[in-house]
Amino acid sequence: METKGNGFSAIGKGLPMVDARDKVTGLHDFGMDVALPGMLWGRVLRSPHPHARITHIDTSRAARLPGVVAIVTGDDAPRRKFSVCGQRLEDEHLLAIEKARYVGDEVAAVAAFDEDTAEEACTLIDVEYELLPAVLDPFEAMQPGAPLVHEHLGTNVATHTEFVRGDLGEALRQADAVVKERFSLPYFHQAYLEMNSCAAEWDSEGRLTLYASTQSPALSRGSYARALDIPPERIRVVQCHMGGAFGAKLEYKLHPICALLARKAGRPVKMVNPRHEEFFAGLPRVPMTIDLMFAAKKDGTILGKEIRIVADNGAYINYAHAAMLSALLRHDNLYRYQHTRAVGDLVYTNKVTSGCFRGFGNLQGHWAVESLMDILAEELGMDPAELRKINGVRTGDTTIHGWKILSCGLQECIDQVTKAAGWEQKRYAPKPRGPRKRGVGLACCLHVSGNRSFVPMFDGASAICLINAEGQVRILTGETDMGAGTRTAMSQMAAEALGVPVEWVQISTGDTDVTPHGLGTYADRGTTLGGGGVMMAALDAKRQVLELAAEELEARAEDLVIDDGVISVRGNRDRGIPFRQVTQKAFIRKAGGMIVGTGTYIPNGVSDIDPKTKYGNISCAYPFAAQVAEVEVDEETGEVWLVNHFAAHDLGRTINPLAARGQIIGAVAQGVGHALLEQMVYDDKGMLRNPSFKRYLIPRAWDMPRALTTILVETNDPNGPFGAKGLAEPALIPTPPAIANAIYNAVGVRLTHLPLTPEKVLRALKEKRERTARPEAPR
Amino acid sequence: MKHPLGVTINGVPYDRVVESRRTLLDFLRDELGITGPKKGCDAGDCGCCMVLIDGVPMHSCLILAAEMEGRQVTTIEGLARGDQLHPVQEAFIRCGAVQCGFCIPGIIITAKAFLEEHPNPTTDEVIEAISGHLCRCTGYLQIVDAIMAAAEAMRVPPQHA
Ligand code: FES
Ligand code: FES
């Protein structure tokens, strides 16, 4: 797979991942595989109650169990509260003090010689609880008199936000059609296969080293410093290879708890969450209930939009406030609205804390928007693709929230994906008789490449490029690779910038003692911003190499080129000298020193976002996408299969087409999970009913469509390195609404609450039959 | 309770004493440092821990180490012959079937055993064969491509110059 003739040597090549060989031979070690000499094993004791006062903890029986070395409770943890990076509402203790606020809340932890002993010791800790009434539903939690999750706040509403642009009243006055609907999504678990893990050790000077699979060593370091109440410079976070993360592994409480245990035990401690604890106490996607309205003209122009969201924060605040913002505002930049209003309440409940998941709140927002677009198209008698094209933003637009769209492939994505899918034919052909009906549905999205307002201190990224005597290139970056191929993409970018083969480049990611401070991998910033930093560092190193080569070749540096590891005067490759000859010379001249290139990439035109209005250009480049799902629905059983899928993505520039296709397929799989299979189910006692892969169903191979067409649209963004924008998150966002829209096309029922299970399909079909049997009944 | 255990792992004989309740997976990972088999659930749901026992793929998280007396266990580390990767491993690399890689050791073990029994599989048979495995990254399609490509490579006898 290759993007032909793009004038690049490494960019656009469908190379296998740089670590693929290690991964297929079992040599690739993950966070979970870390073993430190003399280490103990730790386990967490979690609350079995959704809301309870802790009146007494007795650890004496556990302490007497042979093999137990250390036990920590809230008394061993700092009294101060903390939260995640940039979060001013600090509401969490490292271990519960006074109260437990959800089933899974961390109450104590044990370190022992082996895992079984640590687990057994947890069962021997006697905790006296006084049960409190729990509040599980965010709407109930907003009612006066509801039990308070955090009493001192005086309310369960963690944040209330409201944004108005233009005048929605004006839009309603001018509108020919108004459509509205309520949509919802439950907790979805990221279900990465490597469970959260950590190994912690302290040196004699009180310095902590944490080995953790984390998406952001730098953000983690800051948060854990607050959690442990020690200065950040005493903490070194070493990022281990991640076995999937998808947003869940930005910062996680298990890591500082492990540090606390290791300090008390005076020995290294390793902890791994068992799978069921991942479900009980992970950081799943923020559940939302979304009321959405569009006001439009007959010709399809959408004048106004109103969105109201009630979101479930769970017991503590994580990044749900930012996910809320993204759900409220981000999709407004996809279409040319003139008047919008967005109102959001983020509400505490006695359930698991909700957090980040690929697509962030943008997936939730798009679920509603892209479903209501189809409802509006039907109301206006328009084709859904046409309606989106009429309203879609275009290159050069400044959107209603001040986003500067410098490259936009939305129209092209829609055109190409509908053509590939055979849209006209499949959408409008009469349905065959019989219980199995097919249909197609379209959904679009936009996303960011880095998000200034999420972690506001800066945007951009830095890297260091080291070249040793042998000409081997090592990039140090604070960014991370979740397993999606960031290091591979960075190798290709560095190789391209330097003019050397990709195999000469190696990427070292996050180690807070060694690498530059990188914000980490989230908001699709890895390739665009992280890659931008790598490119700048490589170019700086190249400049130094060329200066030395200029002496050697008796030419001016600006006349030299490096091509496939040979340095020569432009157009004179056969008189060139090997790259290594110059790096050898540098090595001797610098008495063993390496060539050190440093690079900082600060994208153009990204503004400080007004904290009140959120107006401003939050990202340097915006990726776009359009997907068409083709489903088959069995009207007798309610089952839905995704039989065929088409995905067109404006990713700016394809760095690696093989990896890009992999990102899209993997995202579509998660979209199938969201649309048809997945949900965390809580009972009325606040207990999670399905904390295992037997009961929380993620897609297996047989749940996937047999055919998946991926279309890469290159718009060459002026800001992205080599023109590249984000891809991995937007690949998931349109899939659930595309599937819902396809179900509507197949059998004429509109489903609004994810996941779209057979029961919901059957119920909707029954309601539809009853409606058509009594045509006079109001809709 | 402890049991003496004599077992061959990736061709190497081991004589150990194991706790009776120790799973094969924990024994491999924590006692022998053979960390290729991964623990994704410890409950037989994900397939990350798959190993071959006398050539048959089994979930090592569901088996007790003590039962392995006299058996031949092959983990992902045992598939390559020196530098020569197994055709399934080669195909996984080439086809982009690997993302984070956590599920990959288990899936490759299953695929190898499956292809030895079914040298001419259909796509549907491959999908069926790996549907006991979970992968959260790839969406499986490139894994299926890789297994089909490996089948082809295994059917063609190696060329000797
Ligand atoms: S760890 Fe054995 S099946 Fe998941
Ligand atoms: S490659 Fe990550 S779980 Fe399969």
Side-chain angles (χ1 to χ4, degrees), chain A residues 1 14 16-17 19-30 32-33 35 114-116 190-195 241-246 272 274-276 481-485 658-659 661-670 672 692-694 698-708, chain B residues 19 21-22 26 29-30 33-46 48 75-80 85-86 88-106 108 123-124 126-144:
Chain A
M1 253 186 142
M17 292 211 184
D19 42 20
R21 197 179 165 97
D22 277 355
K23 286 173 176 172
V24 301
T25 49
L27 297 181
H28 190 76
D29 275 342
F30 296 85
M32 194 195 259
D33 300 321
D114 59 64
E115 219 176 354
D116 287 349
Q190 297 85 349
Y192 37 80
L193 283 184
E194 183 210 17
M195 299 168 296
H241 295 313
M242 278 178 274
F246 314 111
V272 179
R275 177 57 65 184
H276 63 276
D481 189 338
M482 285 186 263
L658 188 66
R661 179 167 157 78
Q663 281 310 300
I664 295 172
I665 300 171
V668 168
Q670 293 181 351
V672 170
S692 74
F693 284 136
K694 278 186 191 64
I698 67 172
R700 293 180 180 270
W702 55 40
D703 296 308
M704 287 298 286
R706 292 295 183 274
L708 204 160
Chain B
E19 273 291 339
R21 61 178 182 174
R22 198 84 166 144
D26 285 347
R29 289 177 52 80
D30 300 337
I34 298 174
T35 54
K38 300 298 176 200
K39 187 189 282 190
C41 68
D42 217 14
D45 298 331
C46 73
C48 295
T75 71
I76 187 72
E77 287 94 336
L79 289 201
L85 297 187
H86 188 277
V88 176
Q89 293 172 310
E90 290 281 4
F92 268 61
I93 296 176
R94 215 174 42 245
C95 296
V98 180
Q99 288 190 29
C100 82
F102 198 81
C103 66
I104 296 298
I108 289 180
T123 312
D124 282 345
V126 170
I127 289 170
E128 191 73 29
I130 60 164
S131 280
H133 287 268
L134 294 177
C135 171
R136 191 56 153 172
C137 301
T138 65
Y140 307 102
L141 299 188
Q142 287 160 312
I143 291 178
V144 174

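All values below were derived from every heavy atom in this structure, side-chain atoms included, with hydrogens, water molecules and symmetry-related copies excluded. Keep in mind it's a predicted model, so treat the numbers as computed, not measured. Just so we're on the same page: letters track the sequence lines, and every chain starts at 1.
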Note, B:Thr35 side chain near A:Met32 side chain (heavy atom, < 4.5 Å) = no
Smallest heavy-atom separation, B:Cys95 atom then A:Leu658 atom, equals O-CD1, 3.8 Å
Is it the backbone or the side chain of A:Pro705 that comes under 4.5 Å from a heavy atom of chain B, or both, or neither?
-> backbone
Got a sec, which residues hit ring-ring contact (aromatic ring centres under 6.0 Å, His included) with B:Phe102, two or more places apart in sequence or on another chain?
-> A:Phe30
Looking at side-chain heavy atoms only, is the closest gap between B:Gln142 and A:Arg661 below 4.5 Å?
-> yes
Side-chain touch A:Asp116/B:Glu19, heavy atoms, less than 4.5 angstrom = no
Go through the atoms of B:Ile108 and report whether side chain, backbone, both or neither lie under 4.5 Å from a heavy atom of chain A.
-> side chain
So do the side chains of A:Gln663 and B:Gln99 get within less than 4.5 Å of each other, counting heavy atoms only?
-> yes
Close side-chain approach of A:Ile698 to B:Arg136, heavy-atom, < 4.5 Å = yes
Mind checking the CG-CD1 spacing from B:Leu141 to A:Ile665? Nearest 0.5 Å is all I need.
-> 4.5 Å
Name the member of A:Met17, A:Met195, A:Lys694, A:Met704 that forms the most heavy-atom pairs with chain B at distances under 4.5 Å.
-> A:Lys694
Between B:Asp26, B:Val88, B:Val98, B:Leu85, which has the largest tally of heavy atom pairs under 4.5 Å with chain A?
-> B:Leu85
Side chain, backbone, both or neither of B:Cys137 within contact of chain A (heavy atoms, under 4.5 Å) | both
Rounded to the nearest 0.5 Å, what separation is found between the CD1 atom of B:Ile34 and the CG atom of A:Asp33?
-> 12.5 Å
State whether the side chain of B:Tyr140 and the backbone N or O of A:Pro699 hold a donor-acceptor pair below 3.5 Å, judged by distance alone.
-> yes
Atom group of B:His133 that falls short of 4.5 Å from chain A, counting heavy atoms = backbone
For residues A:Ala701 and B:Ser131, report the shortest heavy-atom separation together with the two atoms involved.
-> CB-OG, 3.5 Å
Given B:Gly36, B:Cys100, B:Gly139, the one with more heavy-atom pairs under 4.5 angstrom with chain A than any other is B:Cys100
Is B:Asp42 close to A:Arg275 at the side-chain level, that is, under 4.5 Å between some pair of heavy atoms?
-> no
So which part of B:Leu79 gets closer than 4.5 Å to some heavy atom of chain A, the side chain, the backbone, both or neither?
-> neither
Does the side chain of A:Lys23 come within less than 4.5 Å of B:Ile93's, by heavy atoms?
-> no
How many angstroms lie between atom CH2 of A:Trp702 and atom CD1 of B:Ile130, to the nearest 0.5 angstrom?
-> 10.5 Å
Considering only heavy atoms from C-beta outward, does the side chain of A:Thr25 approach that of B:Glu77 to under 4.5 Å?
-> no
Choice from A:Val272, A:Leu193, A:Asp19, A:Asp22 maximising heavy atom contacts with chain B below 4.5 Å | A:Leu193
Among A:Ala35, A:Gly662, A:Ala669, single out the residue with the greatest number of heavy-atom pairs under 4.5 Å to chain B.
-> A:Gly662
Salt bridge (charged side-chain N to carboxylate O under 4.0 Å, His left out): which pairs involve residues 90-99 of chain B, sequence neighbours left out?
-> none
Which atom pair, heavy atoms only, marks the closest approach of A:Phe693 to B:Gly40?
-> CE1-O, 3.8 Å
Among the options A:Met242, A:Arg21, A:His28, pick out the one with the most heavy-atom pairs lying under 4.5 Å from chain B.
-> A:Arg21
